[in-house]
Amino acid sequence: MNSVKPAVRLALLGCGTVGSEVVRLLHDQAEDLTARIGAPLEIVGIAVRRPGRQRGDLPVDPGLFTTDALGLVKRDDVDVVVEVVGGIEPARTWLVEALRGGKSVITANKALLAEDGATLHDAASDGGADLYYEAAVAGAIPLLRPLRESLHGDNVTRVTGIVNGTTNFILSSMDATGAGFSEALEEATELGYAEADPTADVEGFDAAAKAAILASLAFHTRVTAADVFREGMTAVTAGDVASAKEMGCTIKLLCIAARGPDADGNESISVRVHPAMIPRSHPLASVGEAFNAVFVEGEAAGQLMFYGQGAGGAPTASAVLGDLVAVARNRVSGGRGAGESAYADLRVRSIGETPTRYHISLDVADRPGVLAAVAQAFADHGVSISTVRQEGRGDDAELVIVTHRAADAALSATVSGLRKMPMVHAVTSVMRVEAEGE
Ligand SMILES: NC(=O)c1ccc[n+]([C@@H]2O[C@H](COP(=O)([O-])OP(=O)(O)OC[C@H]3O[C@@H](n4cnc5c(N)ncnc54)[C@H](OP(=O)(O)O)[C@@H]3O)[C@@H](O)[C@H]2O)c1
């Protein structure tokens, strides 16, 4: 007969959208969790900002609430700290205190991990404690554990993802209805997919934090949010979406982390977040509404796709509970899970060095010699053209050009050159293009 060990005692920091679902799942699944871990899980305290706040029918003793998160973390009767508050400070202070004291930590705090994950990993190593954060990227989707465990025998070459549900909802809606950005954002806000201040989502900060976390795990290298090239999607127009459709493409806000040799032949990585046209045949093109999906390519594994709900209280709490079972099992068995792997320490390339492809639309004068002059502007920067299409005649003539891959700096310099040419009335759209397996 299995003997049940003493309870694994939890300090829960935060009891909002995610934290309240963690409490609910711990209550509703208590028996199964005990059987899976070999010991019961017991919440010994919950830190919140407003302890007197009404929390509906949350199945928890009101006496557990406190505003003193640091005091809770320091308690001797706490084994595991679950942080679902967010932000850099005071969360970093709490988690460093916990980890250095040998307490396992589970956090959903992508902002902190992307800004200063190194401090947390160092504290975990110093304290011999587990640091798990599956919920920090792509909500319910099991993605970080596969990267940090299942794929550790392989070499990951590229991770391409839709990791922000708000922007995917907006872009899917623009694609389906032909609406402009503002109209689609308004709809997303009304339906609860966008926050009152959508900056972190639409400007790509949220996706950039997740890109840093994914790149760190995929390439065994410490990558911070500051290393990630970030361009939001507020400038994507209904015209861009229509242009993409004409090419058999759709526009997605992508996070792309890739590994490969740089111009000097040294292995390096690039990490970026920006809107991009992708062919409708690409596995990420059909990811609609607020869903997330991440496409991982490994040398031996080939192509893998992870898909599901990237946010929301219950889906995110599912990821937290998965981590909780893992760290509680480790405590019961007296072991520790996989720690940080940052041995490769690869250089992170600038966006200028990163090979990309551009789709460029130009309003041009429709007269002899214009096409040759435009083609020369590309050649001047060593950029080769894949396709050219002319639409309209006379003053309405539009040239739509798709390039082959070239260093992003060369493409960007080409666009600057085009803007200065007298026969180019306007550069109406510039968008990067990503194809499968590039
Ligand atoms: N929501 C999602 O779908 C989602 C998905 C993935 C990851 N995450 C991450 O999960 C974390 C929590 O997100 P959330 O949506 O659950 O946030 P939330 O609903 O705003 O909840 C935040 C919680 O933290 C508490 N809190 C705030 N400041 C505090 C302080 N100084 N001391 C103690 N408690 C404090 C709040 O207390 P009161 O209840 O008293 O206000 C509240 O319970 C964030 O890191 C977020 O990025 C969220």
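Counting starts at 1 for both ligands and their atoms, following the listed order. Quick caveat, the model's predicted, so the values are computed rather than measured.
Applying the side-chain contact (heavy atoms from CB on, under 4.5 Å) criterion to Arg100, with sequence neighbours excluded, gives Val96, Ala123, Asp126. For Arg55, there are no salt bridge (Lys or Arg N to Asp or Glu O under 4.0 Å) partners two or more places apart in sequence or in a different chain. Every side-chain contact (heavy atoms from CB on, under 4.5 Å) that Thr224 has, sequence neighbours left out, goes to Ala226, Asp227.
Under 4.0 Å is where a charged nitrogen must lie from a carboxylate oxygen, and between Asp79 and Lys103 no such pair does.
For the pair Arg336 and Gly128, the tightest heavy-atom approach, listed with the atom from each and the gap, is CD-O, 3.4 Å.
A distance limit of 4.0 angstrom between heavy atoms and ligand 1 selects the residues Gly14, Cys15, Gly16, Thr17, Val18, Ala47, Val48, Arg49, Arg50, Arg53, Arg55, Val84, Val85, Gly86, Trp94, Ala108, Asn109, Lys110, Ala135, Ala311, Gly312, Thr316.
Within a 6.0 Å radius of CG in Asp76, no more than 12 heavy atoms belonging to other residues, nucleotides or ligands are found.
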